[in-house]
Each structure stands twice: as structure tokens, then as C-alpha cells.
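One structure is given here, and the rest of the page talks about it.
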Amino acid sequence: MENLGWARATNRTADLLRRGAWYPVLEKSPDGEVLVVEVDKRPVRVSRADVQVRQEPPKHWCVVYRAGVMRPTFGGAAPPPTYAVCPACRERQEFEGRPELMKCQRCGKETEIDWTDSC
């Protein structure tokens with residue numbers, strides 16, 4: 001299967017795609033203006049203008065800074081202002097301080113955090 005790249009949401013598509021997570025590109029329209037990405041094993045169409053695209057999958061955790069209104073969780077507490085996204089399984093994970101490495105609680109993969117790649 002041909003590698004068509006990986007796409008990540010910009011702030012305009014954060015409701016459709018999770019911020020910080022990279023999704024495999026399944027298809028591109030002939031003019032390149034529309035992409036189909038895989039989200040939870042389903043195809044989702046997005047405008048090329050609303051995503052960042054790269055050729056290789058991510059190798060490091062991405063740090064996400066929450067913006068806007070902080071909605072309470074079911075437990076009643078506001079979510080933390082910062083979390084990281086696992087490069088392997090796209091799980092969101094909270095952290096404290098400024099660690100260099102982090103192990104995913106979901107998939108177990110341990111990788112570096114890319115502090116220069118934040119959103």
C-alpha cells in the first residue's frame with residue numbers, strides 16, 4: 001500500500017480530529033484539496049487546508065496545550081491545561097513537569113517527548 005502521508009488537525013478541525021494526533025492518509029482528491037484520513041478505523045474526509053501533512057508517522061509524543069473554555073469532566077473537575085499524545089496509538093495522557101521520556105499507559109510504548117512539536 002502506498003504511503004500517502006499522515007495528517008494532523010489544525011485548530012479549525014479540532015472537533016473532528018483530536019489535537020496532536022496524526023492520522024494515516026488513505027486517499028487524496030485529484031486536485032489535492034480533499035484528503036480521506038483514517039479515524040477510529042473509519043474514513044473521514046477533511047479539507048487539505050484544515051490539516052498539517054507529513055510523509056512519516058510521528059516518532060515522539062506531541063504536547064497539546066488546551067485552549068478556549070475548559071469543560072468539566074464527568075467527575076466535575078476541569079481537565080488539565082496540557083497533555084501529550086502517544087505517537088503509536090494516539091492515546092491522550094496527562095503528565096507532570098517536563099519529562100524527556102514518557103511511557104504510554106495504553107500501548108506501553110516509551111518514547112521521547114518532542115517539546116518543539118506542540119499544538
Side-chain angles (χ1 to χ4, degrees):
M1 182 175 181
E2 181 185 359
N3 175 11
L4 298 177
W6 295 78
R8 176 170 74 178
T10 61
N11 288 337
R12 294 188 303 190
T13 56
D15 287 340
L16 181 61
L17 305 176
R18 287 175 40 194
R19 289 182 59 211
W22 289 93
Y23 297 90
V25 176
L26 301 175
E27 297 175 37
K28 293 181 182 180
S29 64
D31 63 4
E33 295 301 314
V34 175
L35 303 177
V36 177
V37 298
E38 183 181 328
V39 179
D40 295 327
K41 299 181 182 174
R42 294 186 320 238
V44 174
R45 295 172 58 91
V46 294
S47 168
R48 172 63 181 89
D50 291 334
V51 293
Q52 294 174 295
V53 178
R54 64 188 282 174
Q55 281 306 113
E56 299 297 322
K59 294 180 172 69
H60 307 287
W61 288 83
C62 174
V63 177
V64 177
Y65 297 96
R66 285 190 169 102
V69 176
M70 302 280 274
R71 291 178 284 199
T73 61
F74 288 123
T82 308
Y83 62 90
V85 178
C86 177
C89 72
R90 293 184 222 112
E91 178 75 357
R92 290 177 280 196
Q93 189 166 303
E94 298 173 13
F95 61 91
E96 291 184 16
R98 194 173 167 92
E100 291 182 29
L101 291 171
M102 198 154 70
K103 184 174 183 175
C104 182
Q105 295 171 351
R106 179 179 178 195
C107 73
K109 183 172 180 149
E110 183 175 48
T111 54
E112 293 179 349
I113 295 177
D114 186 352
W115 289 97
T116 64
D117 181 27
S118 61
C119 47

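The shown structure was predicted, so the numbers you read here are calculated from the model rather than taken from an experiment.
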Does Trp61 share a hydrophobic cluster with Phe95, counting links as ILVMFWY side-chain heavy atoms below 4.5 Å and allowing steps through other members? yes
Value for NE2 (His60) from CD (Glu100), rounded to nearest 0.5 Å, stands at 12.0 Å
Do the side chains of Glu27 and Pro43 get nearer than 4.5 Å, heavy atoms only?
no
- Check step by step if side-chain contact (heavy atoms from CB on, under 4.5 Å) holds for Thr111 and Lys59. CA-CA 7 Å; Thr111 54; Lys59 294 180 172 69; over 6 Å; no
Backbone N or O of Asp50 within a donor-acceptor pair of the Thr10 side chain at under 3.5 Å?
-> yes
Next on the checklist: When you measure from the side chain of Gln93 to the backbone of Gln105, do you find a donor-acceptor pair of N or O atoms at a distance under 3.5 Å?
Outcome noted: yes
Query raised in the report: So does Gln55 have more than 12 non-hydrogen atoms from other groups sitting under 6.0 Å from CD?
Result: yes
query = Can any side-chain N or O of Arg18 pair as donor or acceptor with the backbone N or O of Arg90 at less than 3.5 Å?
reply = yes
inquiry  = According to a hydrophobic-cluster definition based on side-chain heavy atoms being under 4.5 Å apart (Ile, Leu, Val, Met, Phe, Trp, Tyr only), do Val36 and Trp6 belong together?
reply    = no
To the nearest 0.5 Å, atom CD of Glu110 lies from atom CG of Leu101 at 5.0 Å
Here the gap from Leu35 atom CG to Ser29 atom OG, rounded to the nearest 0.5 Å, amounts to 7.0 Å
Interatomic distance, NZ@Lys109 vs SG@Cys89, rounded to 0.5 Å, equals 10.0 Å
Q.
Contact between Trp22 and Arg8 at the side-chain level, heavy atoms closer than 4.5 Å - yes or no?
A. yes
* Report yes or no: does Arg19 contribute a side-chain atom to a donor-acceptor pair with the main-chain N or O of Tyr65 at less than 3.5 Å? => yes
Joint hydrophobic cluster, Met102 plus Trp115, side-chain heavy atoms closer than 4.5 Å
yes
(message) Are there over 12 heavy-atom neighbours, none belonging to Arg54, within less than 6.0 Å of that residue's CZ?
(response) yes
Note: Arg48 and Gly32 closest approach over all heavy atoms is CB-O, 3.3 Å
